[in-house]
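First listed ligand is number 1; within each ligand, the first listed atom is number 1.
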Amino acid sequence: MDGHPGTLAPSDTAGDKDAAKRQTVTPAEPAPTPAAASIAAPAGVEAVKLASRQLRGTIAETLADEATDRFSEDDYNLLKFHGVYQQYDRDTATPRKQQGLDKEYSVMARTRVPGGRLTPDQYLALDALGERLANGSIRVTTRQTIQFHGVLKGHLPALMAEIDEALLTCFAACGDVVRNVMATPAPVKDVVHETLNRVAAEISSHFLPKTSAYHEIWVDGAKVERPAAKKTVKKRIRKKAEPIYGDSYLPRKFKIAIATPDDNSTDVLTNDIGIIALFEGDRLAGYTVAVGGGLGMTHNKPKTYPRLATPLLFVEPDGLLGVVEAIVKVQRDYGDRKDRRHARLKYTIDDRGIDWMRAEVEKVAGRAYEDPRPLPRFRVVDHMGWHDQKDGKLYLGIPVPSGRVSGALRDALWDVVTRYRPTIILAPSQDIILGDVDPEDRDGIEAMLRDHGVTLAQDLKPLQRWSLACPALPTCGLALTEAERIRQPLVDAVLAKLAARGLDRETISLRITGCPNGCARPYAGDIGLVGRMPGHFALYVGGDFEGTRLNFRLLDKVAEEEVPEMLDILFAAFVKHRQSIESFGDFCNRWGLERLIQEIDAAMPAVTI
Ligand code: SRM
Ligand code: SF4
């Protein structure tokens, strides 16, 4: 589909101009009412969804067409619902262009793994697929899933079919639907943790789209001869209604996480719906449900901004699914379908008010709810290293730098999982937890990991353990800077500054992203580095480690090599002026933007702000 008359390329979101063109941007206007939405002719991605015959489009036809190595723009948009993003190698694009060659296209595929739980066989199957059909690695994401990069179009059907054989799916891992539901990763066998996991899995199943398109294309489709796929797929279409989503699905991606105040590993308030389970001892009293979290923004577009979720109501345990469904339906009907940059629930709420939201949710659910219960202070638990599972078994958190499982770490995990068969939990910190370990296997596992040269949690300083980076270059079409590939040297350089001031044992989180979309949740940590333009980052400080306060932008365009020096000015002030056991994030927040800027100006007058 070509862009409709209102389609403009955004100027500064993306490094990839093609990706920028794919985004439909229209001037911001009030969110449409359901009636208004039905009168206006759907455009852009909305029109693609509506015409897609429930997410089929021409994906099967393009798969069968061996003459092309890529999908059309319409199918690019639909593929997301199938967990697949078309990408190209950004490292080789320019040199190839200079030689008159086309880009090297491939796809990224993302699984859907509620709460990040995998069996050992599932993990081994995914690892093997990473070797055979992707770029030789798998990657743990910040929402507890596994991604494959560098999958060639011709390998995609096999990849998807084998993921299905492993009893996993990529369906609804991306797209305008409820995405992977996150839960606290600790595999502790107690009422609290088991409840969180069960609930995450129930919500995830409840919101899986009902269309049989995924099955037809990737499961049935993979069983038929490729040239016959087009005909066969057409014959097999079984139309199922989408009772929750309708034919246009949601206006935009929709994210849900669950946590307890005792462990906010999921950064629950950064989600469209953040569910905070409140226990009285072992008894689940119910949930405070918060709405309107989301981090994506665009530089220099103040109408886009990160936001933490606002507590909306309290619901008893049995009422949770009902209220979550009502919230999703309100967003389905009132979310902005004209401007995708204004289409998340956070904007619906800010445009219409939290009281409107509560009233609308109660109308859709057909009942009233209690006010949200006050929340105790949040904590974030360190799941790396060995921990007691409370059932006689142990779990081991293994740091995975930027979530990338490759090289020696990948070999080590393969050997450990094959030999000891632990359960696998993908953590929101991009790390891997081995669960259900017999205490007598502890030494053997540790020795096996050491033999492969794996760095264990006890070898790392807090900053190394608590730093995240998104993939950015070379795969992400929206990246303005590096992130994953510079994480280690950058973290080491910042750590050296901390060490020189005796601060290297401080618990400080550092989150790096290659653009302002916020995939490694940079606005919800102590320090955020957000790709601004090639080689330059915006520096954010003043958030809290527990994920309950957003940080603020201190400097706009800091050269990558100057980041440690800039932070060192703040570390020096922190050492001198911190109050009692105040954390670095709390200190920056207390001092505020102006005073911190004065400090930087005094130390380094020539800095560009
Ligand atoms: Fe993200 C788009 C990677 C978590 C906000 N994200 C992308 C894409 C698909 C780029 C694209 O649209 O072409 C990235 C693929 C890069 C690649 O090469 O793999 C991408 N996002 C990721 C992952 C893999 C980062 C990671 O380091 O693990 C995470 C996958 C999670 C998963 O398994 O589902 C990931 N993305 C997030 C998060 C964090 C979270 O959800 O907890 C956010 C911020 C929270 C939020 O949604 O507001 C996030 N991603 C975005 C946005 C901005 C959305 C917005 O409202 O403006 C985009 C761009 C978009 O949607 O237009 C985006
Ligand atoms: Fe890509 Fe990183 Fe930006 Fe996400 S934050 S869109 S992964 S560059």
Side-chain angles (χ1 to χ4, degrees), residues 10 13-16 18-20 22-25 45 76-77 80 83-90 106-114 116 135 139-150 170 172-176 178-182 251-257 266-272 274 292-298 301 304-309 340-347 400 402-404 426 428-430 468-484 487 511-524 528-531 547:
T13 349
D16 166 13
D18 287 355
R22 288 192 291 262
Q23 297 195 2
T24 303
V25 179
V45 178
Y76 165 88
N77 284 309
K80 294 182 187 179
V84 173
Y85 273 76
Q86 180 160 272
Q87 301 182 320
Y88 65 87
D89 186 339
R90 292 188 58 193
S106 64
V107 302
M108 174 271 275
R110 185 184 291 167
T111 53
R112 182 175 171 107
V113 189
N135 68 353
R139 192 173 182 285
V140 183
T141 74
T142 52
R143 294 193 69 79
Q144 302 182 277
T145 68
I146 290 281
Q147 273 189 191
F148 299 91
H149 286 108
C170 293
C174 319
D176 298 342
V178 172
R179 305 258 184 120
N180 198 46
V181 181
M182 295 171 77
R252 200 66 162 88
K253 56 176 69 169
F254 198 99
K255 298 182 174 178
I256 301 177
T266 56
D267 269 330
V268 72
L269 298 178
T270 62
N271 286 264
D272 294 270
L295 299 182
M297 57 162 262
T298 307
K301 298 237 182 292
T304 66
Y305 46 82
R307 184 185 191 282
L308 291 182
R340 288 184 66 77
R341 282 203 207 162
H342 185 258
R344 294 290 291 270
L345 179 63
K346 61 183 174 182
Y347 301 118
V400 182
S402 302
R404 183 71 65 182
L426 310 170
S429 55
Q430 303 174 318
L468 305 179
C470 73
L473 297 170
T475 52
C476 179
L478 305 180
L480 301 165
T481 60
E482 298 281 352
E484 178 178 333
R487 173 186 172 275
R511 297 172 172 190
I512 310 168
T513 57
C515 87
N517 282 317
C519 298
R521 298 187 285 272
Y523 314 112
L529 289 171
V530 176

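- A salt bridge links Arg340 to Asp176: one of the charged nitrogens lies within less than 4.0 Å of a carboxylate oxygen.
- Only side-chain heavy atoms of Gln430 come within less than 4.0 Å of ligand 1; its backbone N, CA, C and O stay farther off.
- At least one donor-acceptor pair closer than 3.5 Å links the side chain of Gln144 to the backbone N or O of Leu426.
- Using a non-hydrogen distance threshold of 4.0 Å, Asn180 does not register as a contact of ligand 1.
- Within the 4.0 Å heavy-atom criterion, the part of Gln87 lying near ligand 1 is the side chain and not the backbone.
- The shortest contact between atom 4 (Fe) of ligand 2 and any protein heavy atom is with Cys519 SG, 2.2 Å.
- Neither the backbone nor the side chain of Glu484 comes within 4.0 Å of ligand 1, counting heavy atoms alone.
- Listed by number with element, the atoms of ligand 1 under 4.0 Å from a non-hydrogen atom of Gly296 are 48 (O), 53 (C), 55 (C), 57 (O).
- The structure places NZ of Lys255 at 9.0 Å from CE of Met182, a figure rounded to the nearest 0.5 Å.
- Taking backbone and side chain together, Cys470 holds no N, O or S atom under 2.8 Å from atom 4 (Fe) of ligand 2.
- The protein atom (non-hydrogen) at minimum distance from atom 1 (Fe) of ligand 2 is Cys476 SG, 2.2 Å.
- Those atoms of ligand 2 that come under 4.0 Å of a heavy atom in Ala479, given as number and element, are 8 (S).
- Interface atoms of ligand 2 facing Pro471, defined by a heavy-atom separation under 4.0 Å, are 7 (S).
- Rounding to the nearest 0.5 angstrom, the gap separating the CZ atom in Arg487 from the CG atom in Leu529 is 12.5 Å.
- At a threshold of 2.8 Å, atom 1 (Fe) of ligand 2 has no backbone or side-chain N, O or S atom of Cys515 nearer than that distance.
- The closest donor-acceptor contact from the side chain of Arg252 to the backbone of Ala343 lies at 3.5 Å or more, if one exists at all.
- Close approach of ligand 1 to Arg252 (heavy-atom distance below 4.0 Å) involves ligand atoms 60 (C), 61 (O), 62 (O).
- Atoms of ligand 1 found under 4.0 Å from any heavy atom of Gly294 (numbered from 1 in listed order, with element): 48 (O).
- Close approach of ligand 2 to Asn517 is summarised as follows: ligand atoms under 4.0 Å from at least one heavy atom of the residue are 6 (S).
- Residue His149 places at least one N or O, backbone or side chain, under 3.5 Å from an N or O of ligand 1.
- Rounded to the nearest 0.5 angstrom, Gln430 CD and Glu484 CD are separated by 8.0 Å.
- For the pair Arg521 and Pro428, the minimum side-chain heavy-atom distance is below 4.5 Å.
- Under 3.5 Å, the side chains of Arg179 and Asn271 contain no donor-acceptor pair of N or O atoms.
- Around atom 59 (C) of ligand 1, the closest heavy atom drawn from Asn517, Asp272, Thr111 belongs to Asn517.
- When only interatomic distances are considered, the shortest N/O to N/O separation between Thr475 and ligand 1 falls below 3.5 Å.
- Every atom of ligand 2 with a heavy atom of Gly514 under 4.0 Å away is listed here by number and element: 2 (Fe), 8 (S).
- A donor-acceptor contact shorter than 3.5 Å links the side chain of Thr111 to the backbone of Ile146.
- The side chain to side chain donor-acceptor pair (under 3.5 Å) test with Asp272 singles out one residue from Lys346, Arg344, Lys253, and that residue is Arg344.
- Backbone and side-chain nitrogen or oxygen atoms of Arg521 are examined, and one is located within less than 3.5 angstrom of a nitrogen or oxygen of ligand 1.
- Of the candidates Arg110, Gln86, Arg179, the one placing a heavy atom closest to atom 34 (O) of ligand 1 is Arg110.
- Going from atom CG of Asp89 over to atom CG of Leu473 covers 10.0 Å, rounded to the nearest 0.5 Å.
- Compare Cys476, Ala469, Cys519 by their heavy atoms: the one nearest to atom 16 (C) of ligand 1 is in Cys476.
- Contact annotation: Arg340 has no heavy atom less than 4.0 Å from any atom of ligand 1.
- The CZ atom of Arg511 lies 12.5 Å from the SG atom of Cys519; values are rounded to the nearest 0.5 Å.
- Going from atom CG of Asn517 over to atom CG of Leu295 covers 10.0 Å, rounded to the nearest 0.5 Å.
- Under the 30°/60° scheme for interplanar angles, the aromatic rings of Tyr347 and Tyr305 are found to stand perpendicular.
- The heavy atom nearest to atom 31 (C) of ligand 1, considering only Arg143, His342, Gln147, is found in Arg143.
- Residue nearest to atom 28 (O) of ligand 1, selected from Leu295, Leu473, Val113, Thr142: Thr142 (by heavy-atom distance).
- Not a single donor-acceptor pair under 3.5 Å links the side chain of Ser402 to the backbone N or O of Arg404.
- In this structure, Gly477 falls outside the shell of residues with a heavy atom less than 4.0 angstrom from ligand 1.
- Proximity to Thr145 (heavy-atom distance under 4.0 Å) selects the following atoms of ligand 1: 32 (C), 33 (O).
- Which of Lys253, Arg511, Lys346 comes nearest to atom 2 (C) of ligand 1 through a heavy atom is settled by distance: it is Lys253.
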